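Before any comments, here is the structure.
This is a predicted model, so every value here is computed, not measured. Worth knowing before you read on, the calculation uses all heavy atoms, side chains too, and leaves out hydrogens, waters and symmetry mates.
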Amino acid sequence: MRRWSGHCCRCLPTWNARASRSTATSSRGYRQASRRASRVSKNLGSPRQLGELLFDQLKLPGGKRTKNGQWETRAGLLDDLAANEELPEDARKLINTMLEWRQLSKLKSTYTDALPLHVNAQSARIHTSYALAATTTGRLASTDPNLQNIPVRTKEGREIRTAFIAEKGAQLISADYSQIELRVLAHMADIPQLKKAFADGLDIHAMTASETRRRAKAINFGIIYGISAFGLANQLGISRQEAGEYIATYFKRFPGIRDYMETTKKFAHDHGYVETVFGRRVHYPEINTKNPSMRGFLERAAINAPIQGSAADIIRRAMVRMPSALESAGLAHTTMLLQVHDELIFEAREAEIATALPLVQKVMEQAPEPIVKFSVPIHVDAKAASNWEAAH
DNA sequence: CGAACGGGCCAC
DNA sequence: AAACGTGGCCCGTTCG
């Protein structure tokens, strides 16, 4: 039984039809037009055909194959290709056009076209379903539609967020845990330098910075995910050796993290499970497999699970307490709408916003108590605005 | 025709 | 051998 049967989440704000109306050409139309205009007859929307054009016909350098023998055409790879000044201008231009087309067609097909089809006729809102026991770590999963992956990274993507609006006379509140997984790590692994940094309100990403903020962030996340020099090198486009030096520097700066990861790994091998900070178990019965790649994969998952799982426990505790907390505070017109892993979204009548903001912040920040007293501060940022993009 | 799968990519 | 964790959805392709 994967799905929590019966109910969807509470209502989502109304979909803003104005913002969601698309004026773009249909993808089919675009492809037909580009096929006519091209000397080679290809559907470049198909990764296979794009790969064949770039690497079989045009013989561009740097081609890699996927495990099934297809040419890889990931954005990261195409980025590198287009950056190569040795390549013919028209090839680079084609690649950049394809990257742009990929980005826009992704947004159109997955969000702009699809989301309006989910608007409920009665409520005039989009309702998602949350699966409560679908992930190994204890996170929720959102489906039909997934409202936990609404774009935010790019300017064009954020346009989609602006379409999630509050009722007239109300606003949306977005309240999100600040760097919750790094704080969980600092607490669970008991890293003095990391705990002090959070206690002092320092910017961890800036602190990690051996070079740029982008690299610092990648390392911080990499640590949580069970990093390897290879993976970090891949992501940052640096040499394996350089990546290895970053990791070594990180481990030196925060002594105890490497030990913690090794201890967690050993615990997983000895017991076949790991635990969140609240004692909830995440089982890895196959972790002692002799298959090296599977073993490595399970080890990284087992290192990540207590961190990701503890953060999932914390926000669940906040969610369980939230309705009664709102009611006790007399906030009858403030409603919890959505959960996005480290963020809760509410709709609140304007008259209630000033009270709701500090209340939801408090419930979220105190969620570990009284079971666990965190040795680092848990911090929540909360903000109200008329649409999701502005509130975030 | 639908199911299953791979590739790709959106989020945290 | 793979190489950074957790998910879900879309498209193209293949298969029955």
Side-chain angles (χ1 to χ4, degrees), chain A residues 2 27-28 31 42-51 65-78 98-99 101-115 117-118 128-131 134-154 156-158 160-161 176-177 179-182 185 218-236 240 243-244 247 261 274 282 290-309 311-312 315 338-343 392:
Chain A
R2 252 170 64 84
S27 54
R28 183 184 304 276
R31 286 198 297 273
K42 290 258 179 197
N43 172 11
L44 298 186
S46 152
R48 180 168 66 79
Q49 296 195 41
L50 178 61
R65 292 185 186 271
T66 68
K67 66 176 193 298
N68 290 315
Q70 256 195 58
W71 291 113
E72 241 184 284
T73 65
R74 288 177 297 110
L77 194 137
L78 296 187
M98 282 312 303
L99 282 166
W101 183 84
R102 284 254 184 99
Q103 192 216 341
L104 296 176
S105 65
K106 171 77 176 182
L107 295 177
K108 182 173 186 294
S109 63
T110 309
Y111 304 102
T112 313
D113 288 347
L115 288 176
L117 303 178
H118 287 278
T128 186
S129 294
Y130 282 114
T135 68
T136 54
T137 58
R139 277 187 173 188
L140 305 187
S142 161
T143 58
D144 310 305
N146 180 359
L147 293 182
Q148 291 182 319
N149 71 342
I150 302 303
V152 71
R153 212 177 65 249
T154 65
E156 292 79 8
R158 282 193 295 275
I160 289 165
R161 266 186 195 233
D176 67 293
Y177 287 102
Q179 301 181 47
I180 185 68
E181 293 191 345
L182 274 179
L185 173 67
I219 295 172
N220 278 326
F221 282 112
I223 291 294
I224 288 170
Y225 298 153
I227 203 166
S228 76
F230 185 95
L232 186 66
N234 242 355
Q235 162 149 354
L236 290 178
R240 221 196 120 156
I247 295 171
M261 292 169 71
V274 291
V282 180
K290 288 189 169 59
N291 179 329
S293 63
M294 190 184 296
R295 192 178 168 105
F297 177 73
L298 291 172
E299 284 173 348
R300 290 191 299 278
I303 288 169
N304 171 260
I307 304 170
Q308 190 182 115
I315 196 166
L338 290 177
Q339 189 254 42
V340 190
H341 308 306
D342 65 355
E343 174 189 16
H392 190 74

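- The side chain to side chain donor-acceptor pair (under 3.5 Å) check on A:Asn291 picks up A:Ser293, with sequence neighbours excluded.
- Nucleic acid contact for A:Gly222: base, since at least one base atom lies under 4.0 Å from a heavy atom of the residue.
- Scanning for salt bridge (Lys or Arg N to Asp or Glu O under 4.0 Å) contacts around A:Arg65 gives an empty result, with sequence neighbours left out.
- The distance between atom CD1 of A:Ile219 and atom P of C:dG5, rounded to the nearest whole Å, is 17 Å.
- Between A:Leu147 and A:Val340 the shortest side-chain heavy-atom distance does not fall below 4.5 Å.
- The distance from atom CD1 of A:Ile315 to atom C1' of C:dT6 is 14 Å, rounded to the nearest whole Å.
- Atom name P, nucleotides B:dG7 and C:dA3: the rounded distance is 13 Å, in whole Å.
- Between A:Asp144 atom CG and C:dC10 atom C1' the separation is 14 Å, expressed in whole Å.
- Comparing A:Asn146 and A:Tyr225 along DNA chain C, the residue whose closest nucleotide (by nearest heavy atom) sits nearer the 5' end is A:Tyr225.
- Remark: A:Glu72 pairs with A:Arg74 by the salt bridge (Lys or Arg N to Asp or Glu O under 4.0 Å) rule, at least two apart or across chains.
- Whole-Å rounding puts the A:Ile160 CD1 to C:dC9 P distance at 16 Å.
- Mapping heavy-atom proximity under 4.0 Å, the span of DNA chain B touched by chain A runs 5' to 3' from B:dG6 to B:dC12.
- With sequence neighbours excluded, no residue forms a salt bridge (Lys or Arg N to Asp or Glu O under 4.0 Å) with A:Glu343.
- When the P atom of C:dG5 is taken as reference, atom CE of A:Met261 falls 11 Å away, rounded to whole Å.
- Annotation: side-chain contact (heavy atoms from CB on, under 4.5 Å) contacts of A:Leu104 (sequence neighbours excluded): A:Glu100, A:Glu156.
- Nucleic acid contact class of A:Arg74 (heavy atoms, under 4.0 Å, all strands): sugar-phosphate only.
- Side-chain proximity of A:Gln308 to the nucleotides C:dT13, C:dT6, C:dC9 is greatest for C:dT6.
- Residue-level contact check: A:Glu343 touches neither bases nor backbone, having no heavy atom under 4.0 Å from any strand.
- Counting heavy atoms from C-beta on, the side chains of A:Thr73 and A:Arg102 come closer than 4.5 Å.
- Proximity note for A:Asn149 (side chain, C-beta onward) versus C:dG5, C:dC9, C:dG7: the nearest is C:dG7.
- Across all strands shown, A:Ala114 has heavy atoms under 4.0 Å from sugar-phosphate atoms exclusively, and none from any base.
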What's touching nucleotides 1-3 of chain C from the protein side, N or O pairs under 3.5 Å?
| residue | atom | partner | partner atom | Å |
| --- | --- | --- | --- | --- |
| C:dA3 | O3' | A:Ser228 | OG | 3.1 |

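- A pairwise comparison of heavy atoms in A:Pro145 and A:Thr128 identifies O-OG1, 2.7 Å as the closest pair.
- One finds a side-chain N or O of A:Gln49 lying less than 4.0 angstrom from the OP1 or OP2 phosphate oxygen of C:dT13.
- We find that CD of A:Gln148 is positioned 11 Å from P of C:dG7, with the value rounded to whole Å.
- A:Glu181 is linked by a side chain to side chain donor-acceptor pair (under 3.5 Å) to nothing, counting only residues two or more places apart in sequence or in another chain.
- Between the CD atom of A:Gln70 and the C1' atom of C:dC11 there is a distance of 12 Å, given to the nearest Å.
- Across all strands, A:Ile224 comes closer than 4.0 Å to no nucleic acid atom at all (heavy-atom distances).
- For A:Thr110, there are no side chain to side chain donor-acceptor pair (under 3.5 Å) partners, not counting sequence neighbours.
- Closest approach of A:Gln148 and A:Tyr130 over heavy atoms only: NE2-CE2, 3.8 Å.
- At whole-Å resolution of the value, OH in A:Tyr130 and C1' in C:dG8 are 13 Å apart.
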Applying the Watson-Crick and G-U criteria (both distances under 3.5 angstrom) with [ ] for crossing and | for other-strand pairs, one obtains for DNA chain C ....||||||||||||
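- In this structure A:Asn220 satisfies the side chain to side chain donor-acceptor pair (under 3.5 Å) test together with A:His205, A:Thr208, A:Tyr250, sequence neighbours excluded.
- Counting any heavy atom pair closer than 4.0 Å across all strands shown, A:Ala305 reaches no nucleic acid atom.
- Applying the salt bridge (Lys or Arg N to Asp or Glu O under 4.0 Å) test to A:Arg161 and every residue at least two apart in sequence or in another chain returns nothing.
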